[in-house]
Each structure stands twice: as structure tokens, then as C-alpha cells.
Amino acid sequence: MAARFVRHSPGYRIVLATDTLRSSCDEAHDALLLMYRMRYGHQVETPTTAEILDRWR
């Protein structure tokens, strides 16, 4: 996943709807969300689908 962020790093904003991301393991899911927020927080936003739709309105 890190290679993807390097390719998108020229200032593009990445939005991941957290309630659409899934894993077979809850702990893995939580760890991925934590990584997105902590490691890639300046490049990646992690709202829910409802939050995205509220911002659109």
C-alpha cells in the first residue's frame, strides 16, 4: 500500500471511506485504519460514508 501513496503524493488528496474497508480479522482492520491515520494522515482522510455524503450536500 505504501507504493500507492508514493505514486499519489504530488498533493492529491486521498479519501478512504472507513466503513467500506473490510478485513477477515477485526484486529487487522483496526491496525490498517490506525496506520492510515498515523502514518499517512497528511495524505489520507478516513471519514465514514455518511461523513462524505454530508460534506457533499
Side-chain angles (χ1 to χ4, degrees):
M1 193 58 124
R4 284 184 161 172
F5 292 125
V6 171
R7 283 188 17 212
H8 289 94
S9 65
Y12 296 118
R13 191 170 100 200
I14 299 169
V15 179
L16 295 173
T18 56
D19 52 340
T20 64
L21 301 173
R22 297 287 176 243
S23 175
S24 60
C25 172
D26 287 340
E27 291 83 8
H29 178 262
D30 294 341
L32 282 173
L33 289 179
L34 181 63
M35 181 190 67
Y36 293 140
R37 291 176 179 140
M38 300 292 289
R39 173 83 166 107
Y40 302 111
H42 61 284
Q43 292 176 294
V44 179
E45 288 185 52
T46 54
T48 64
T49 301
E51 291 170 333
I52 293 170
L53 293 175
D54 283 342
R55 290 181 196 174
W56 242 342
R57 294 182 187 145

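A quick note: this is a predicted structure, and the numbers were derived from the prediction, not measured. Side chains are part of it too, since the values below use all heavy atoms of this structure and drop only hydrogens, waters and symmetry mates.
- Side-chain atoms of T48 and D19 form no donor-acceptor pair, as typed in the model, at a separation below 3.5 Å.
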What verdict does the side-chain contact (heavy atoms from CB on, under 4.5 Å) test give for T18 and Y36, after you've listed the backbone C-alpha separation in whole Å, the side-chain angles of each residue and the deciding distance to 0.1 Å? CA-CA 10 Å; T18 56; Y36 293 140; over 6 Å; no
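- The shortest distance between side-chain heavy atoms of L32 and L21 does not fall below 4.5 Å.
- Under a hydrophobic-cluster definition in which Ile, Leu, Val, Met, Phe, Trp and Tyr are linked whenever side-chain heavy atoms come within less than 4.5 Å, directly or via other members, L16 and I52 are assigned to different clusters.
- Between R37 and E45 no salt bridge is recorded (no basic side-chain N to carboxylate O distance below 4.0 Å).
- At least one side-chain heavy atom of R55 sits under 4.5 Å from a side-chain heavy atom of P47.
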